[in-house]
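The model shown is predicted, which means the values in this text are computed figures rather than measured ones.
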Amino acid sequence: MSRQNTVLALVRSQGKFLLVKHHGPEESAWWLPGGVVEPGETLLEALLREMLEETGLHITGQPYLAFVVELQRETGQGLQEAGFGFHFACEVSGQFQFADPDGLVQSAHWVDEAEVVPLLSAQIWYDCEPLRRWLSGEAGAGAVYTTRIK
C-alpha cells in the first residue's frame, strides 16, 4: 500500500476562512486548499504550489505547522499508515485565479469562520475534530492526531 502525504492551507482573514469548491462525483464539495506532496518536493514547496494552482493566491510570510493528521487504514494485515495531512496556517495575497492542472477546483471563497466545520463535515473521510480544536484555540501549534480511513 502506498503512502500519500498532503499539505492543506488554513487561511483566516477578518473572521473569514478560505475554502475551495471542487467538482464532486455527484455534486460540488468544499475543501481546504491543498493537495498531494509530489516526489522531491518539500512540504513548503508543495503548499506554495497547491495554493497558487487552486486559488491563484500567493502565500506571504512564514506558514507554520498548525497540526498534523496521521491517516491509518485497516487492511487484511492490520492497521497500516496511509500518510499524513500537514495543515499549515498561512496568510495570502493576490486575486483569485485558477490554474488547477487536475481541473477539480470550481472556485475559491471566503466563508464565515463559523461555517467551515459544517461545510467540511460533508466529507465523510475528513475528520473535522482537529480543525475544530485548532479554530477554537484548544490545541497548540503542531498537535498530532490519528484518523482511520477506509
Original post:
Any donor-acceptor pair under 3.5 Å linking the side chain of N5 with the backbone of G83?
Top reply: no
**OP:** Any chance you could measure F17, atom CZ, to L120, atom CG, to the nearest 0.5 Å?
**Re:** 7.5 Å
Original post:
Out of curiosity, Y145 OH to T147 OG1, how far, rounded to the nearest 0.5 Å?
Top reply: 10.0 Å
Original post:
More than 12 non-hydrogen atoms from neighbouring residues, nucleotides or ligands closer than 6.0 Å to CD on Q123, yes or no?
Top reply: yes
Subject >> C90 to M51 - nearest heavy-atom pair and separation >> reply: SG-CE, 4.5 Å
Subject >> T55 side-chain N/O to L52 backbone N/O, donor-acceptor pair under 3.5 Å >> reply: no
Subject >> Interatomic distance, L57 atom CG to L48 atom CG [nearest 0.5 angstrom] >> reply: 12.0 Å
**OP:** Find out whether E50 and I59 are in side-chain contact, i.e. whether some heavy atom of one side chain is under 4.5 Å from a heavy atom of the other.
**Re:** no
Original post:
Any donor-acceptor pair under 3.5 Å linking the side chain of H22 with the backbone of V20?
Top reply: no
Original post:
Rounded to the nearest 0.5 Å, what separation is found between the CD atom of Q95 and the NE2 atom of H58?
Top reply: 10.5 Å
Original post:
What is the minimum heavy-atom distance between P118 and A114, and which atoms define it?
Top reply: CD-O, 3.4 Å
Original post:
Under a single-linkage definition using a 4.5 Å side-chain heavy-atom cutoff for Ile, Leu, Val, Met, Phe, Trp and Tyr, are L10 and V116 assigned to the same hydrophobic cluster?
Top reply: yes
Original post:
Does one hydrophobic cluster hold both L8 and V92, with members joined at side-chain heavy-atom distances below 4.5 Å?
Top reply: yes
Subject >> salt bridge (charged side-chain N to carboxylate O under 4.0 Å, His left out) assessment of E53 paired with R49 >> reply: CA-CA 6 Å; E53 288 177 358; R49 176 184 51 76; 3.4 Å; yes
**OP:** Would you kindly confirm whether L104 and W31 end up in one hydrophobic cluster when ILVMFWY residues are joined by side chain heavy atoms under 4.5 Å apart?
**Re:** no
Original post:
What are the two closest heavy atoms between S93 and T60, and how far apart are they?
Top reply: OG-CG2, 3.3 Å
Original post:
Taking only residues at least two apart or on different chains, which pairs with a member in residues 109-120 satisfy side chain to side chain donor-acceptor pair (under 3.5 Å)?
Top reply: R12-E113, K16-D112, S107-H109
**OP:** Report the relative orientation of the aromatic rings in F67 and W134; use parallel for angles under 30°, tilted for 30 to 60°, perpendicular for over 60°.
**Re:** tilted
Original post:
What's the shortest heavy-atom distance between S136 and R133, and which atoms?
Top reply: OG-O, 3.1 Å
Subject >> Within one Ile-Leu-Val-Met-Phe-Trp-Tyr cluster: V36 and L32, side-chain cutoff 4.5 Å >> reply: no
Subject >> Donor-acceptor pair, side chain of E54 and main chain of G34, under 3.5 angstrom >> reply: yes
**OP:** Using the salt bridge (charged side-chain N to carboxylate O under 4.0 Å, His left out) rule, collect all pairs that involve residues 56-71, keeping only residues at least two apart or in two chains.
**Re:** none
Original post:
Where is the tightest heavy-atom contact between L44 and P63, given as atom of each residue plus distance?
Top reply: CD1-CG, 3.7 Å
Subject >> Min side-chain heavy-atom separation D127-V69 under 4.5 Å >> reply: no
Original post:
Mind checking what makes side-chain contact (heavy atoms from CB on, under 4.5 Å) contact with L65, not counting sequence neighbours?
Top reply: V68, F86, F88
Original post:
Going through the distances and angles, do F84 and V37 end up as a side-chain contact (heavy atoms from CB on, under 4.5 Å)?
Top reply: CA-CA 10 Å; F84 291 88; V37 179; over 6 Å; no
**OP:** Give the minimum heavy-atom separation between G40 and E45, together with the two atoms involved.
**Re:** O-OE1, 4.0 Å
